[in-house]
Amino acid sequence: MSRLGIAPAAIAVLFLPGMAAAADLIVDGRFEQGRDTFWAGEGVALTRSGRQLCADVSAGGDTWDRLIGVNGLKLEPGLHYRLSLSTAADPARAVSARIQRGAEPWTVQSEFSIAGAPERAPFSADFMASEEDEAQLIFPLGGAEKSWRFCIDDLSLVEIEASAGAASRANQGPAIRVNQLGYFTDGPKRATVISDARRAISFQLIDAGDAVVGEGTTRPSGFDPSAGVRTHVADFSAYAVPGNGYRLVSGDWTSDRFSISDDLYGRLRVDALSWFYPQRSGIQIRGDIAGKAYARPAGHIGVAPNEGDQSVGCLTGDEAKALYGDWSCSYRLDVSGGWYDAGDHGKYAVNGAVSVAQLLATFERGRVFGGAASPVLGDRLSHIPESGNGIPDLLDEARWELQFLLAMMVPDGEPLAGMVHHKIHDTEWSSPPMLPSEDPKPRALHRPSTAAAFDVAAVAAQASRLFAKDNPTFAATLLSAARKAWVAANANPVLLAPKSDGNSGGGDYDDDDASDELYWAAAELFLTTGEATYLDALRASPHWSGDVLPSTGAFHWRNVAGFARLQLALYGVALPKAELDMVRSSVLTAARTFLSLQAAEPFGQIYRPANHQYDWGSNQLILQNIIVLSTAFDLSGDKAFLNAARESMDYILGRNAMAMSYITGYGARSPENQHSRWYAHQVDPTLPNPPVGSLAGGPNSTPVDAIAKQRLQGCAPQTCYADDIEAYGSNEITINWNAPLVYVASFLADAR
């Protein structure tokens with residue numbers, strides 16, 4: 001351990017033989033002395049007999065209408081604890097146990113599910129404390145159809161030691177975490193130092209020649225429950241001399257090297273956009289364009305063993321009946337082309353639509369706010385076959401996906417004409433490694449959905465106004481398709497995409513609410529046409545004036561209302577002034593909230609998930625929040641929003657608990673083994689790693705894959721990540737990760 005010490009992170013915990021017994025935080029947990037302090041809420045009667053506590057629970061109510069609990073638990077943030085007890089439930093009933101703050105806002109530190117069988121059974125679980133305020137242990141017991149009994153015995157809550165593996169995760173890499181790419185000369189320059197020290201620490205800024213060019217002291221930031229460590233922030237924003245090879249030093253600690261420059265994100269814009277070309281389906285990927293390692297035959301064009309996507313029928317059999325009831329179709333569609341969604345061979349309308357929309361939004365922002373010289377308007381921006389054809393590369397890449405989305409529409413004359421098939425993929429899962437051209441599985445179209453139809457209506461309308469200059473014929477086709485999908489979706493407002501058993505050969509992209517998709521479609525159709533019909537639909541939407549930009553992730557494929565709000569704010573000049581002011585004010589209000597949240601984050605990111613639990617795709621949720629800030633800057637010119645966007649990007653590029661840049665090829669340490677069937681070097685050395693500019697999904701507090709379940713149990717949220725090809729829950733690549741990366745990189749490259 002270095003001279004200032006580093007706090008252990010929270011991963012799995014281990015109670016080691018021979019450890020001294022820790023003090024029990026539960027008084028009389030064996031219920032032998034009559035000294036326990038359990039309380040019961042309405043509808044629950046407590047009895048103590050036979051060395052156990054029993055709750056007789058009346059029927060009815062919601063889960064939280066019948067409670068028992070114990071207060072006054074003094075936990076220390078960053079320490080690990082073990083909850084142990086024996087339980088019996090008659091009749092059998094699953095029961096939750098929750099450790100939470102003992103007063104409003106009742107912040108949850110950990111929650112567990114207990115099976116609750118009639119025969120007494122032991123239960124134990126380990127967790128890391130994350131709050132300084134006194135906690136309580138509660139059991140919500142309501143909602144049963146009949147009265148029942150729940151009994152507890154041998155209850156204890158004791159501090160334990162973290163395992164060596166647990167202590168190492170947030171300590172991997174340097175103690176001083178920086179943006180490994182670099183900082184703008186006129187922007188914020190902050191680093192995060194992981195240290196137990198309670199007082200400020202001195203640090204120095206060292207240039208490439210090892211000369212000291214700046215000095216300062218850190219600001220102690222306390223315990224960060226998302227990282228499981230105590231932190232300091234080192235601020236060297238005042239230093240503004242461009243250069244490469246800088247590093248921060250404190251004693252024998254040193255950071256990774258970084259640059260100070262005003263040209264940091266131009267190359268990333270190109271790499272992030274060029275990433276889409278080797279994701280294309282139905283076309284040979286040329287090595288002279290994508291790089292020799294990424295050359296491959298066209299996928300899914302009907303060359304054996306492929307069945308191909310040129311004539312695909314609808315899903316049939318038991319699975320179709322289980323998912324969609326009596327729905328079927330007799331036609332077959334040519335749905336070749338488009339992008340493979342992620343590391344599998346599926347193609348999904350809802351995710352494809354929001355992804356291509358964000359590429360188009362990058363183009364539109366560049367045209368309106370980037371000036372005539374913005375590189376996003378050029379036709380040699382990315383590495384694609386169409387580069388140099390006189391059409392902006394962003395539009396060329398977008399068209400590849402747009403044509404696929406139009407092909408997913410139900411043909412005229414058929415039931416559900418104008419609706420859009422939700423997805424097309426294999427009927428069984430395949431596994432890496434597997435080139436798209438070698439996929440032997442049958443393919444099938446899944447039932448159209450309201451969400452897919454509204455999404456395609458939205459993006460087709462958006463694209464039609466952007467293609468109007470360079471390809472008016474295609475623009476007219478897009479607008480016609482948008483109108484048709486709008487009518488069809490409104491005629492079928494509850495054709496929702498269901499959730500399957502997970503064995504259907506592709507992702508579900510299930511969604512039980514299409515109101516946000518309707519709002520987005522109305523927004524884009526209004527922006528393109530100015531017609532009153534679409535404005536009326538906007539005004540009637542529950543999302544018209546509501547809060548649609550949460551800090552948990554302002555928008556994503558399942559909830560596109562936030563994206564629609566930004567589009568209206570940026571381009572809704574045809575709105576009546578009062579309504580445009582309302583829309584823009586809502587964006588600025590959300591962005592100001594983000595600023596206040598950022599000020600409390602030791603790692604500088606703008607992302608505040610519920611109970612600090614990081615979601616699947618947490619990195620792209622951070623990017624979407626950055627886009628809210630970028631919109632606020634474009635609307636107001638307030639540089640506080642620009643600087644906040646720059647600082648939040650620090651997290652993505654290495655200023656995080658893993659000390660990792662999450663973009664392949666950028667920084668001192670970046671992912672190499674994201675989940676993919678053809679970027680599968682980890683399992684097949686003849687195949688490449690993902691290309692430079694690939695964004696990893698990022699930490700995910702829910703262990704959904706075998707790697708997470710084996711290695712990441714109990715992880716602090718920011719450390720719930722593994723660079724492993726099978727860790728799809730945290731290490732996936734996908735089109736809706738890289739699309740916002742293109743937008744953010746382009747914004748940061750152009751904005752001043």
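Counting from 1, the numbers follow the sequence of the chain as shown. Source: prediction; values computed, not measured.
Listed by chain and residue number, Tyr239 satisfy the ring pair (Phe, Tyr, Trp, His ring centres under 6.0 Å) test with Tyr246 (two or more places apart in sequence, or in another chain). Scanning for side chain to side chain donor-acceptor pair (under 3.5 Å) contacts around Ser221 gives Arg219, with sequence neighbours left out. Remark: Tyr607 engages Tyr614 in a ring pair (Phe, Tyr, Trp, His ring centres under 6.0 Å) (not counting sequence neighbours). Contacts of Ser255 classified as side chain to side chain donor-acceptor pair (under 3.5 Å), with partners at least two apart in sequence or in another chain: none. For Thr702, there are no side chain to side chain donor-acceptor pair (under 3.5 Å) partners two or more places apart in sequence or in a different chain. For Ala461, the side-chain contact (heavy atoms from CB on, under 4.5 Å) partners are Ala482, Glu524, Leu525, Thr528, not counting sequence neighbours. The ring pair (Phe, Tyr, Trp, His ring centres under 6.0 Å) search around Tyr743 returns none, not counting sequence neighbours. For Gln598, the side chain to side chain donor-acceptor pair (under 3.5 Å) criterion is met by no residue, not counting sequence neighbours. Contacts of His383 classified as ring pair (Phe, Tyr, Trp, His ring centres under 6.0 Å), with partners at least two apart in sequence or in another chain: none.
Aromatic ring pairs are classed by plane angle as parallel below 30°, tilted from 30° to 60° and perpendicular above 60°; the pair Tyr183 and Phe258 is perpendicular.
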Query - side chain to side chain contact (heavy atoms under 4.5 Å, CB included) between Ile384 and Phe276, worked out - result: CA-CA 9 Å; Ile384 56 174; Phe276 284 85; over 6 Å; no
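At least one side-chain heavy atom of Ile652 sits less than 4.5 Å from a side-chain heavy atom of Leu695. Here the side chains of Leu635 and Phe641 are not in contact, with every heavy-atom distance at 4.5 Å or above.
Within the structure, ring pair (Phe, Tyr, Trp, His ring centres under 6.0 Å) pairs that include any residue of residues 463-488 comprise Phe454-Trp486, Phe467-Phe474, Trp486-Tyr534 (at least two apart or interchain). The side-chain hydrogen bond (donor to acceptor under 3.5 Å, both in side chains) analysis of residues 388-403, with sequence neighbours excluded, yields the pairs Arg280-Glu397, Trp339-Glu397, Ser387-Asp393, Asn389-Asp396. Sorted by first and then second residue, the ring pair (Phe, Tyr, Trp, His ring centres under 6.0 Å) pairs with a member in residues 563-590 read Trp520-Phe563, Phe555-Phe563; sequence neighbours excluded.
Counting only distance, with no hydrogens or angles, the side chain of Asp341 and the backbone of Asn736 share no donor-acceptor pair below 3.5 Å. For the pair Ser648 (side chain) and Ile606 (backbone), a donor-acceptor distance under 3.5 Å is present. Using a distance-only test at 3.5 Å, with no hydrogens or angles considered, no donor-acceptor pair links the side chain of Lys423 to the main chain of Tyr348. Checked by atom type and distance alone, the side chain of Ser618 never pairs as donor or acceptor with a backbone atom of Asn700 at under 3.5 Å.
Neither side chain, Tyr509 nor Arg558, offers a donor N or O lying under 3.5 Å from an acceptor on the other.
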